[in-house]
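Here the structure is laid out as structure tokens; the discussion comes afterwards.
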Amino acid sequence: MSVLIYTENFDGKFKKTTFETVSYGAEIAHQMGTTAIALSLGSVADNELLTLGNYGASKVLKVNDARFSNLDNQAFAAVIAQAVEKEGANVVIMSGSNIAKAVAPRVSVKLKAGLVFAVSGLPKNLSPFTVPKKVFHGKAFADVVIKSPVKIISLAQNSFGVKENRQTAVIEAFDAKIDDAAFKTKVTSVEKSTGKIILTDAEIIVSGGRGMKSADNWKPLEELAGILGAATACSRPVSDEGWRPHSEHVGQTGKIIAPNLYIACGISGAIQHLAGVSSSKVIVAINSDKEAPIFSAADYGIIGDAQKVLPELIGAFKKFKAEN
Amino acid sequence: MKILVCISNVPDTTTKIKLTADKTAIDLANVQWIINPWDELALTRALELKEASAGKITKVSVISVGNQSAEPTIRKALAIGADDAFRVNAEAKDAYFAAFQIAEAVKTEAYDIILCGIESSDYNGSAFGGMLAEFMDHPSVSSVSNFEFAGEVVKVNREIPGGYEVVEPALPFVAIVQKGIAKEPRIPSMRGIMMARQKPLKVVEAAPAEAMTEFVAFEPPQPKAACKMVDPANVAELVELLHKEAKII
Ligand SMILES: Cc1cc2nc3c(=O)[nH]c(=O)nc-3n(C[C@H](O)[C@H](O)[C@H](O)COP(=O)(O)OP(=O)(O)OC[C@H]3O[C@@H](n4cnc5c(N)ncnc54)[C@H](O)[C@@H]3O)c2cc1C
């Protein structure tokens with residue numbers, strides 16, 4: 001019996017989501033009275049692997065094999081399944097990321113293990129194993145029972161938090177059996193912007209909707225994002241119009257985000273938009289229409305013209321940053 | 001070459017979600033049903049690829065797991081332009097069950113490319129496509145935001161944090177698609193709707209299988225506290241509230 005946590009790395013480094021996933025897995029292991037084992041695939045230095053101990057992993061299995069520097073869903077799933085079997089793990093934890101979306105379902109079939117994706121908190125019950133999850137994009141919460149002996153759960157981002165729980169992790173090399181022929185997808189090129197804050201990593205997001213009126217009006221919004229160390233986002237019509245890149249579109253059909261603070265400027269708050277942002281810890285809405293539905297989803301609101309309010313806010317946040 | 005698009009029949013995205021009295025299920029009476037938005041985009045792209053293929057892609061089929069009530073949604077996919085359809089006659093108990101059924105139903109059909117949406121807008125499982133690929137022992141690429149042919153080779157864009165990778169999969173394979181895969185979903189034309197009635201819709205009986213998961217209870221979301229309004233003439237108050245009350249800056 002044990003809990004196995006798959007830890008994603010990004011060019012050999014772990015991110016906050018990885019530490020959150022480990023923290024969560026360690027807490028479940030504690031509830032079950034067993035140990036939390038982390039699994040890492042790809043080239044990650046030992047001193048980086050050891051940081052997983054800070055969040056409760058007592059052992060780190062490493063497959064230090066450069067073939068895992070690019071994601072191949074089938075090969076990754078095969079090795080994760082081997083590690084689960086080797087450790088006799090009965091609970092497997094993954095993040096809620098696109099990598100988990102790509103790999104976890106395949107592990108589920110390999111191990112005949114039930115999978116619940118984007119779980120929103122700790123299990124409500126260990127027997128029958130019951131986990132909470134949002135459905136219909138936050139319009140309801142559900143309890144889901146996993147009936148198989150091995151259970152796989154993916155944790156929705158930012159729903160548990162990073163919790164320190166210092167253990168001295170031991171690193172163990174895991175000699176996974178996988179042929180080159182098992183890698184059936186080939187990455188031929190990568191396009192990546194550097195230096196920009198990535199939307200799904202951002203703690204603060206400043207977002208604009210059709211009420212911003214034109215692409216040119218984004219300057220103050222970007223300035224505010226700069227001051228707050230925030231990423232920028234937009235509603236669907238804004239990316240459809242080409243005012244902003246598609247990668248910034250949030251909502252049901254775009255990115256699902258869960259930052260600490262979401263500032264919505266000139267966004268009406270359509271149900272499909274809220275589907276992607278309602279997991280934000282705090283929502284601030286700036287809208288000229290006091291009846292806009294965004295105000296029912298927001299914690300703080302300002303009724304006003306975004307073009308007038310944004311410069312004021314920039315001034316106020318600048319002052320705050322200078323004083324704090 | 002043949003393409004299969006998996007479609008899920010889901011409540012319209014604007015549906016108000018009501019629970020049954022005992023809170024063990026969603027009350028689905030009076031719900032409008034639609035093709036899952038991502039699946040609709042997948043179908044649109046499949047049809048575009050077929051049209052641009054100069055006859056190389058001979059067929060686009062759709063498949064869904066569901067009972068008779070899913071047929072209007074399947075007919076809509078035919079009206080949009082799919083050539084034929086399958087329905088596996090069973091309630092899709094969970095993604096594992098549904099993926100198993102589809103893998104069984106098409107295992108002798110030799111599709112070269114299978115497309116599915118990255119998530120269903122009802123239970124938000126994000127599991128189906130990967131499970132299907134594993135049941136079929138096909139490679140899969142997920143988070144696909146663009147799909148092209150370069151001669152015989154398939155090139156897909158996979159979204160990664162901050163950008164994308166171009167990936168070449170070996171065929172047959174499963175593409176799990178998201179935003180970007182097609183611009184706008186296609187809408188059925190009058191002619192399409194007429195023709196859909198004549199197109200083959202084959203009903204396949206379900207194979208024996210168990211679900212791995214079960215939804216046992218539902219709750220409505222906690223009502224949110226009223227929004228605190230800040231005077232636009234005094235935005236410093238907002239900064240203060242975010243700092244002292246919400247404690248997030
Ligand atoms: C299947 C489906 C999926 C969808 N998925 C998404 C999705 O993922 N994400 C998404 O965002 N949408 C999605 N939509 C679209 C969604 O229904 C809305 O149309 C969209 O969110 C509206 O965008 P908006 O708020 O920017 O624009 P609008 O609804 O036009 O709202 C503009 C707002 O700006 C305010 N405003 C105007 N001028 C000013 C000013 N000077 N200062 C301040 N405020 C001002 C107005 O009062 C209004 O509230 C989807 C729709 C469908 C059918």
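Numbers restart at 1 for each chain; the letters A, B, ... are given by sequence-line order, proteins then strands.
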- Item | Any residue meeting ring-ring contact (aromatic ring centres under 6.0 Å, His included) with B:Tyr164, in chain and number order, not counting sequence neighbours |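 For B:Tyr164 there are no ring-ring contact (aromatic ring centres under 6.0 Å, His included) partners, ignoring immediate neighbours.
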At a heavy-atom separation under 4.5 Å, does [X] approach chain B through its side chain, its backbone, both, or neither?
{"X": "A:Lys124", "result": "neither"}
{"X": "A:Lys196", "result": "neither"}
{"X": "A:Ala140", "result": "both"}

- Message: Report, in residue-number order, which members of residues 25-47 of chain B are under 4.5 Å from chain A by heavy-atom distance.
- Response: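 Under the 4.5 Å heavy-atom cut-off, B:Ile26, B:Pro37, B:Trp38 qualify.
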- Residues of residues 131-150 of chain B near chain A, each having a heavy atom less than 4.5 Å away: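 At a heavy-atom separation under 4.5 Å, chain A is reached by B:Met131, B:Ala133, B:Glu134, B:Phe135, B:Asp137, B:His138, B:Pro139, B:Ser140, B:Val141, B:Ser142, B:Ser143.
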- Can you list every ring pair (Phe, Tyr, Trp, His ring centres under 6.0 Å) pair that touches residues 301-322 of chain A, not counting sequence neighbours?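 Qualifying pairs, neighbours excluded: A:Phe320-B:His243.
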- Query: Judged by modelled atom types alone, do A:His137 and B:Glu119 share a side-chain donor-acceptor pair under 3.5 Å?
  - Reply: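 There is such a pair between these side chains.
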- Query: Between B:Lys224 and A:Asp299, is there a side-chain N and carboxylate O pair less than 4.0 Å apart?
  - Reply: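 Looking at A:Asp299 together with B:Lys224, the answer is yes, because their closest N to O distance falls below 4.0 Å.
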- Is B:Glu165 paired with A:Lys186 through a side-chain N to carboxylate O contact shorter than 4.0 Å?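 No, this pair does not count.
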- Just by distance, do the side chain of A:Lys133 and the backbone of B:Asn124 share a donor-acceptor pair under 3.5 Å?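 Such a contact is found between A:Lys133 side chain and B:Asn124 backbone.
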- Task: Return yes if some donor-acceptor pair links the side-chain N/O of A:Lys139 with the main-chain N/O of B:Thr14 below 3.5 Å, else return no.
- Result: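 No, the answer is negative, given that no donor and acceptor are paired below the 3.5 Å cut-off.
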- Query: Counting heavy-atom pairs under 4.5 Å to chain B, which of A:Lys290, A:Lys192, A:Glu191 comes out on top?
  - Reply: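 Winner by heavy-atom pair count: A:Glu191.
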